[in-house]
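It should be emphasised that the depicted structure is a prediction, and the values quoted were computed from it without experimental measurement.
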Amino acid sequence: MSFPLLTATAALPALGAIATAAVPAARRTAAKWLALLVSLATLVLAVVVLVRFEPGGDRYQLTESHAWIADFGVRYELGVDGIGVALIALTALLIPFVILAGWHDADPLETRSSRWRPTQGFFALILAVEAMVILSFEATDVFLFYIFFEAMLIPMYFLIGGFGDRAHAGTDENAAAQRSYAAVKFLLYNLVGGLIMLAAVIGLYVVAGNFSLQEIAEARANGTLDMATSTERWLFLGFFFAFAVKAPLWPLHTWLPNAMGEATAPVAVLITAVVDKVGTFAMLRFCLQLFPEASKWATPVILVLALISIVYGALLAVGQRDIKRLVAYASISHFGFIIMGIFAMTSQGQSGATLYMVNHGISTAALMLVAGFLISRRGSRLIADYGGVQKVAPVLAGTFLIGGLATLSLPGLAPFVSEFLVLVGTFTRYPVIGIIATFGIVLAALYTLVLYQRTMTGPVKPEVSTMPDLKVRELVVVTPLIALLIFLGVFPKPITDIINPAVEHTMSDVQKQDPEPEVEAAK
């Protein structure tokens with residue numbers, strides 16, 4: 001039997017979470033280092049998965065399949081395509097930076113009992129989320145995917161509600177209530193979506209007789225599984241609703257600003273750069289592959305919702321006074337681009353959407369983590385409380401600027417390539433949608449540059465006059481992310497070579513081809 005590489009990649013952070021939680025209360029520093037080492041070891045395994053994956057090979061590789069609940073046709077089935085490999089690598093890459101950035105975020109307050117182990121719990125929960133997200137990207141059994149799709153809500157709930165942002169903890173008496181509200185709202189929204197998906201999963205089993213993604217897709221392709229049109233559409237809606245909540249797509253997005261605003265900056269990165277990617281990934285893997293006709297039927301409505309997300313999220317970001325909520329609304333706009341690219345049903349759109357998932361994860365991590373360093377120094381999330389930071393902390397201001405420029409998709413930085421592909425892929429089939437979506441770029445430039453102007457330029461406010469610049473640990477977090485944004489901005493080929501064959505398979509699932517150019521070739 002070959003080495004179960006995919007299982008090991010997910011099992012390592014899961015075991016690391018248990019070991020970190022078991023570290024004695026007095027050994028907080030040991031718990032941090034253990035969590036960091038486990039995350040780095042997971043990154044090594046993810047790199048091995050990336051190296052062993054052959055882009056031109058079988059659709060699903062490194063597969064594992066074992067009987068689990070035989071009476072109900074549930075199997076422990078894992079496999080990765082190019083899209084899954086890219087997102088596993090993104091997840092494993094970001095977690096060490098999340099841990100380093102949150103190095104002191106869970107240090108116990110003086111009012112807590114010495115028996116309480118917040119540090120161990122904080123880092124154990126991060127590793128638990130990593131394990132469940134990786135398994136979600138690997139699962140090719142629909143029921144197995146559903147289990148981890150829902151299970152990751154539990155550690156995320158405690159990370160938001162139990163380890164919230166301390167920026168206003170000393171001055172705002174309602175801070176704990178706000179964190180609790182954000183955590184409960186996150187949980188309820190995603191639980192409702194998950195319960196609707198569970199009904200669809202059961203319905204799929206009734207129709208297909210098993211939960212195997214590959215077997216069901218093959219049966220659909222060769223005609224041995226004939227699903228009634230109305231049945232396929234209802235099942236599609238059940239799956240898509242859960243994924244749209246997770247993504248998040250307007251109007252199911254309202255939990256995200258609360259969750260990101262009240263969470264610590266590293267946990268906010270975990271939410272939008274890692275966990276939310278499971279929703280858009282699942283649209284590609286499950287919605288389009290299992291329900292191709294229903295996906296095409298729902299495309300016009302989904303494109304309109306994605307377009308609303310793009311413009312609405314950007315408009316609300318422009319008017320925000322809270323730095324973290326501004327980044328949250330910007331992410332809603334970016335997820336609109338991703339979903340628009342997926343359902344444009346073109347190879348450029350879907351390649352751009354997949355690349356956007358990776359690039360958005362890196363750019364949002366860079367911007368949010370630097371914003372977290374800024375907020376921890378001043379103790380406030382309000383934009384109006386800053387001014388002139390670039391004069392006292394130029395390195396912090398410079399990295400904040402690069403993260404912001406990546407967010408607005410400046411040419412030469414990674415998100416530009418993916419956003420350009422999404423817009424081109426959408427315009428070739430839906431020109432009106434593509435044209436309107438470009439206004440999201442204009443608004444992104446507005447909210448990013450206004451944020452930088454109000455926080456970093458102008459007279460130095462007395463409260464920031466003694467603000468220290470980035471420290472060594474913080475530079476270790478930010479520098480690789482900035483380097484990746486620049487590298488992938490000028491040379492995205494390593495990622496596109498991996499994801500393009502998977503996109504071709506998805507286009508084949510929905511039986512779509514790229515539109516022919518309308519301009520005749522010159523004679």
query = Should Glu504 and Ser347 count as side-chain neighbours, where that means a heavy-atom distance under 4.5 Å?
reply = no
ask   = What do you reckon, are the aromatic ring centroids of Phe143 and Phe72 less than 6.0 Å apart?
value = no
Main-chain N/O of Phe149 paired to Lys246 side chain as donor or acceptor, under 3.5 Å = yes
query = Does Thr364 use its side chain to pair, donor to acceptor, with the backbone of Gly361 at less than 3.5 Å?
reply = no
task = Determine whether Ser39 and Phe97 make a side-chain contact, defined as any pair of heavy atoms from C-beta on separated by less than 4.5 Å.
result = no
ask   = Tell me, do Ser295 and Phe236 make a side-chain contact under 4.5 Å, heavy atoms counted?
value = yes
request  = Measure from the side-chain N and O atoms of Trp250 to the backbone N and O of Leu307, and report whether any donor-acceptor pair falls under 3.5 Å.
outcome  = no
query = Quick one: ring-ring contact (aromatic ring centres under 6.0 Å, His included) partners of Tyr430, sequence neighbours excluded?
reply = none
Sequence neighbours left out, cut at 3.5 Å: what donor-acceptor pairs do the side chains of residues 333-341 make with other protein atoms?
{"residue": "Ser333", "atom": "OG", "partner": "Ile310", "partner atom": "O", "Å": "2.8"}
{"residue": "His334", "atom": "ND1", "partner": "Ala330", "partner atom": "O", "Å": "3.2"}
{"residue": "His334", "atom": "NE2", "partner": "Thr407", "partner atom": "O", "Å": "3.2"}

query = So, Thr428 side chain and Gly425 main chain: donor-acceptor pair closer than 3.5 Å or not?
reply = yes
ask   = Considering only heavy atoms from C-beta outward, does the side chain of Leu288 approach that of Met507 to under 4.5 Å?
value = no
query = For the side chain of Arg179 and the backbone of Glu262, is there at least one donor-acceptor N/O pair under 3.5 Å apart?
reply = no
ask   = Less than 4.5 Å apart, any side-chain heavy atom of Leu355 and any of Leu488?
value = no
inquiry  = In the structure I gave you, are the side-chain heavy atoms of Phe239 and Met283 within less than 4.5 Å of one another anywhere?
reply    = no
ask   = Taking Ser363 for the side chain and His360 for the main chain, is one N or O donor matched with an acceptor at less than 3.5 Å?
value = yes
query = Under 4.5 Å between any side-chain heavy atoms of Leu449 and Gln453, yes or no?
reply = no
task = Using modelled atom types only, decide if a donor and an acceptor are shared between the side chain of Gln214 and the backbone of Thr140 within a distance under 3.5 Å.
result = no
task = Mark yes or no for whether Asp58, through its side chain, and Tyr60, through its backbone, hold a donor-acceptor pair below 3.5 Å.
result = no
message = Measuring centre to centre across the rings, with the benzene-like ring taken for any Trp, is Phe145 within less than 6.0 Å of Phe286?
response = yes
Heavy atoms of other groups near Tyr76 OH, more than 12 under 6.0 Å = yes
query = Quick one: do Arg75 and Asp141 make a salt bridge, cutoff under 4.0 Å?
reply = no
message = Quick check: do Glu54 and Gln61 have side-chain heavy atoms less than 4.5 Å from each other?
response = yes
key: Donor-acceptor under 3.5 Å (Thr506 side chain, Ala502 main chain)   = yes
key: Exam field: side chain Gln320 to backbone Arg325, donor-acceptor pair closer than 3.5 Å   = no
For residues 188-206, which side-chain donor-acceptor pairs fall under 3.5 Å, sequence neighbours excluded?
{"residue": "Tyr189", "atom": "OH", "partner": "Thr254", "partner atom": "OG1", "Å": "2.7"}
{"residue": "Asn190", "atom": "ND2", "partner": "Phe186", "partner atom": "O", "Å": "2.8"}

